[in-house]
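A quick write-up on the structure given underneath.
Count residues from 1 along the sequence.
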Amino acid sequence: MCMCICVFVFFPPERVVPFLNRPVLPVLLLPSGQHLFSPNAICQYLFEVVGKEASDDGNQLLEWEATELQVRIFSSFSKIDLLIVADIVLWAALYPILSNSTFEAGELPSVRGWFKRVSQVPACEAAVQRVLQGKGLDALKNFLQKQPAPHIQRRDSPSSANATEMEDSELMMTEEEVEVAAQAWSKGLPDCSDSTQKKHPILPQEGKRNVLVTSALPYVNNVPHLGNIIGCVLSADVFARYGRLRGWNLLYVCGTDEYGTATENKAREEGLTPQEICDKYHAVHSSIYKWFQIDFDYFGRTTTEQQTEIAQDIFWRLHERGYLLEDVVEQLRCENCQRFLADRFVEGVCPHCKYPEARGDQCDKCGRLINAVELKEPQCKVCQQTPEIRSSKHLFLDLPKLEGELEQWLEKSMGSGDWTVNAKHITRSWLRDGLKPRCITRDLQWGTPVPHPDFSDKVFYVWFDAPIGYLSITANYTSEWEKWWKNPQQVELYNFMAKDNVPFHSVVFPCSLLGAQDNYTLVNNLVATEYLNYEDTKFSKSRGVGVFGDMAKDTGIPSDVWRFYLLYLRPEGQDSAFSWADMALKNNSELLNNLGNFINRAGMFVSKFFEGHVPEMVLQDEDKRLIAQVCWELKQYIQLLDKVRIRDALKCILNISRHGNQYIQVNEPWKKIKGGDDDRKRAGTVTGVSVNVACLLSAMLEPYMPTVSQTIRDQLQAPAHCARAMLYADRGFLCSLSAGHRIGTVSPLFQKLESEQIEALRKRFGGQQVSGRGVWMLHHCGVEQQAPDTPVATFFFFFFSIRDRVIFQAPVRTLQFFHHSNNKELSNNKFTVHMFTFTLLVCFRASPGAAMQLF
């Protein structure tokens, strides 16, 4: 009816708004004679005119767009003449597009003007000449051609677990698929006892899937920060919990790595013996992981008799088979400290990429291995003095002699197992450069002693010794440890770590075990994360920057919320950054308003409208479609976690609760309960189906948020075995709370994180946040007269690190998409490129950190 009386006017604006002295667009003349000038208000009015009601989610988005996005955009472009680091980064990313003479940006004059102004900055002009070396765009084109084509996700791939694509999948569901899902659901839970209770020791069993999970051993004297936790123990914990729910026979072991110079120095600082330091900080680690609910089957340590026994046995087997070499090594010795310096206690300029803070064993920037004596301008990290080069005889693992056998094993393991892309890339880069003998001894006192009489004054190098800790920790757990570690026919081994640990787990340690020739279990699935940064900088205990494990519990935020957020932004494909503002946003939107809201409403409807008993459910087509949608998401969840796609699988849980909220909102059981018999029955069905979806969510949440998961089951008084029953053997979504089931007391699961609380925490953990990045970039590029951390420094950093694909991978992948795209219409579409350019510009100027995560 509104359409009949509404007048839409498309005349020139001066005729629409006669009382204005200048044209204004957009404008809408209402039947009442009033005018609307806000695009948001106009769009909302038009939707209401055609009979579409506003949803809660839609109103929240409108509010966010008006109060957050518009404010950021306008404030950003109002300062367009102020050159900031985001301008330089974005200018470098868009240079291949906007500097192309065949590309016309007439439709975006502001973008073209911005690009021209930045290009005229003298430092940028000089940078273009230095980096491109007169070769023009061919210099970047050649780089892009050498990179692998970016992965373009498809709707039917397991990674397509998001709300928009789920809507598409709904349209493609056949009636038969919907009916099959509904029938399976109606059968209910099978009769089975809760067999998730652990019986120690856990040993491999014939006919079962035997899974051995390890996470990289944390160094004992470093309190782990959030990046350490998500990169190793938390990721492994999620997978281990999931595996147990799936009915796998799984053992998860970890422990502290306790030998080395770092422990000696820490002991000296605190006036304790090395063993006392290890005892003290092992307890600190244990306490932190317990608070984060890391469910190890055994958390041990490397300072044990079993470590010495197993490491020396592997050493002698390598020695007897001719895989060890002797050589004289030049080492750095600090005369001020009166000791040879361990690799990680000397820093200097990387000989390969000029990074100024490279360690004595590896450069964190370019990833190349380094001998400490190769460092330029080395310094002792303890006293900052310049060390001297001295000679000493050492033992080496002959990696070239084992290279052929290693490559054969890698081909088989990578082909049949789940290795992350970065793990494959890092390993192949080592092989491509050719393996070299690797020193396995050090001139230290605190370590596993070398049993050879000619080297009795030395200990094993930590990267030979530490991975053996997996074996010795298992040996401390059970005397039958060889059933796990010398049983490759029956055991699948998963290693979890950050990417800097990859070469030692994919090359050095496997070579040690292959050379030992004792039927050792080698890694089948190597799962490596990228780095998690803190806001726009790195974690630093000394500078007070970032949240460390012993601080998280003092924030007042529950450990399950910490787990959720770390897993939500788990750096699976590229580096990610912790952000207090984003953590609050995810807590308040995803946990409180989405997940918690649905589960609480479903339970409250049962309590309020049906006296705490699950009502009878008579399924209609709409209910069956919801059940089918939930089944589809559950299937994606299982497929993703089977492939250790932990972050993507979490999105499936949130998708289900979104479907549930929409289902409740459309059916309005709070209104139907007040109607006639048919409406009351309909309210009962909607309530019963919803509370069963909530029960499924409790099962899916168990690997991610174990306390919340148990709380939901307690509130619903769900059967003890419901979680395992639905995930075991791909049974799918089942009716676990049948009609008549009595639930318990329902209460909210989450609390809102207020802006004042978050701002206080951000200031508390902000630190100095001073970056030295500009210093080395300017030094490397020969413009030392520039001040550190200037925009030109960031530009140099972009171009030199694009070569190694270390940072700013989002613009690179986007450009690769255009380069590799077979869809010429898309890649040549001017509007598409314009929108990409404009969006990227807005995002970077508004919030560079958030923009990197968008792509």
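- Here the CG-NZ distance, from L324 to K401, works out to 9.5 Å after rounding to the nearest 0.5 Å.
- Of the candidates L526, V644, T214, V644 is the only one forming a side-chain contact (heavy atoms from CB on, under 4.5 Å) with F496.
- With values rounded to the nearest 0.5 angstrom, L272 atom CG is found 10.0 Å from D279 atom CG.
- For the atom pair L250 CG and L212 CG, the distance stands at 8.0 Å (nearest 0.5 Å).
- Remark: the Q307 side chain and the S472 side chain contain an N/O donor-acceptor pair separated by less than 3.5 Å.
- Of the N and O atoms on the side chains of D364 and Y531, not one donor lies less than 3.5 Å from an acceptor on the other residue.
- Here the CG atom belonging to N249 is positioned 8.0 Å from the CG atom belonging to L203, to the nearest 0.5 angstrom.
- Using a cutoff of 4.0 Å between basic side-chain nitrogens and carboxylate oxygens, R333 and D443 are not scored as salt-bridged.
- Remark: of the listed residues Y494, W419, Y470, Y470 is the sole one forming a ring-ring contact (aromatic ring centres under 6.0 Å, His included) with H505.
- Screening E326, R442, Q331 for a side chain to side chain donor-acceptor pair (under 3.5 Å) involving H394 leaves a single residue, Q331.
- Ring centroid separation for the pair W248 and F239 comes in under the 6.0 Å cut-off.
- Only one option out of D398, L318, L406 pairs with C511 in a side-chain contact (heavy atoms from CB on, under 4.5 Å); it is L406.
- Of the N and O atoms on the side chains of Y520 and E482, not one donor lies less than 3.5 Å from an acceptor on the other residue.
- Counting only N and O atoms by type, the side chains of R570 and S235 include a donor and acceptor under 3.5 Å apart.
- The closest side-chain donor-acceptor pair between N487 and T521, if any, does not fall under 3.5 angstrom.
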